[in-house]
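To start, the structure under review is shown below, and the notes come after it.
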Amino acid sequence: MTIRAAVLFRDHFGDPTGAVVARAPGRVNLIGEHTDYNDGFVLPTTIDRHVEVVVRRRSDRKVRIAAADLGEHRDLDLDQPIDYSNSGWLPYVMGVVHELVQRGRIHFGVEVVFRGTVPRGAGLSSSAALEVATALALDTVFNLWLNPIDMARLCRDVEHRYAGVRCGIMDQFASRLGRSDHALLIDCRNLDARHVPMPLDGHRFVIVDSGVRRELAESDYNQRRTECEEAVTFLHGMDASITSLRDLTPDTLARHKERLPPDLFARCRHVVSENHRVLEACERLANGDLPAFGRLMKASHLSLRNDFEVSHPALDRLVEEAHRVDGVLGSRLTGAGFGGCTVNLVAETSLSDFERQLEPLVDDWSARSIVVGTPEQARVTEVIT
Ligand code: GLA
């Protein structure tokens, strides 16, 4: 970012004295898809793209927000109703403000300017980065002392209440708690997390953007979550110890197969098998067994395509073509699916072959320069004096 945050703020709202600058990274999920809202395991890591937010407190109850990259502005009032429907970035910024007001933590308005380098709508968590950066800046401006996990939870709730996406906690958690050069194993049942080293030994995770965009709220994402809940209700009726899909083992699932509707059975099979894959992948990664990690990525994609049905022909094509290249250990869709990106584990010596094979299939090839597992970490970078 070339223009300093203070200059950016001044351009929109005048004197920046007292403003707080915070930034939070996007993430890429290495493995563990659609498991977070089923109390399962995920393994995301941060990327070298982030959102930066500058916030200054006001003495009245007005909120003025500028989206610097888009040239858009909104002037709002904490005491007036706000329509969040079809409003782009508004829920992710104003939702965080609003939620903190509702919880009695904030009583004054703010001025906010934000900008970012996370591609939007590509499944790399630009919205989580915006929420987390906003929450971090507000935390300092109003001395809230939110602990990092509570902050991730708050941002997840914002997504549910203001953006209408009933997501899990992975994206906000990864953006807030991700650490450089490590993946983050999160147990989404109790929110225990472990930073897992990534000895990549001559390999790289490469992101490829399919260019297919589908808004999460408009997609089948919420539908998939509802299906998982239906399956739990069904299974709980037969076995009261099952309170989420996390409680299912391959054996218990096999036992109930005949009684579950086939599509719900397939959804369950994905979640059960994906949870196993995440735990195994973690061990393999820590031990440097990259070929085994790659095989798990491949299996994850097939399960997302066949059992969870969240892939897209463009993503399947990218994965298929990637696997044709010697030196590609694994390839899979990352994030919610229905479009967005693939993540690929590629030997550095095969990068040019990989590019040659994949480049003709995508319009915008720039995602491949995204660095995965970087020094980028959520933090307050400056208090302007
Ligand atoms: C989106 C959601 C996450 C998670 C993934 C799928 O990124 O925000 O909570 O469910 O999809 O793994």
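Whatever order the structure lists them in is the order used to number ligands and atoms, beginning at 1.
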Using only atom types and a distance under 3.5 Å, with no angle test, would you say the side chain of [X] pairs donor to acceptor with the backbone of [Y]?
X	Y	answer
N344	V346	no
S331	H323	no
S126	V118	no
D69	G116	yes

[X] to ligand 1: N or O pair under 3.5 Å?
X	result
C167	no
T35	no
D171	yes

Under-4.0 Å salt bridge between D79 and K62: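 A salt bridge is absent here (no side-chain N lies under 4.0 Å from a carboxylate O).
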
I'd like to check which ligand 1 atoms, numbered from 1 as shown, lie under 4.0 Å from a non-hydrogen atom of [X].
X	value
Y37	10 (O)
D36	3 (C), 4 (C), 9 (O), 10 (O)
G168	9 (O)
M170	4 (C), 5 (C), 12 (O)
Y221	1 (C), 2 (C), 3 (C), 4 (C), 9 (O), 10 (O), 11 (O)

Any heavy atom of R224 closer to ligand 1 than 4.0 angstrom?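 Not so, R224 does not reach ligand 1.
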
Inter- and intrachain pairs under salt bridge (Lys or Arg N to Asp or Glu O under 4.0 Å), touching residues 278-289, at least two apart: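 For residues 278-289: E280-R284, R284-D289.
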
Part of R27 within contact of ligand 1 (heavy atoms, under 4.0 Å):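 Within the 4.0 Å criterion, R27 contacts ligand 1 through side-chain atoms alone.
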
With sequence neighbours excluded, what pairs up with D139 under the salt bridge (Lys or Arg N to Asp or Glu O under 4.0 Å) test?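 Per chain and number, D139 pairs via salt bridge (Lys or Arg N to Asp or Glu O under 4.0 Å) with no residue.
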
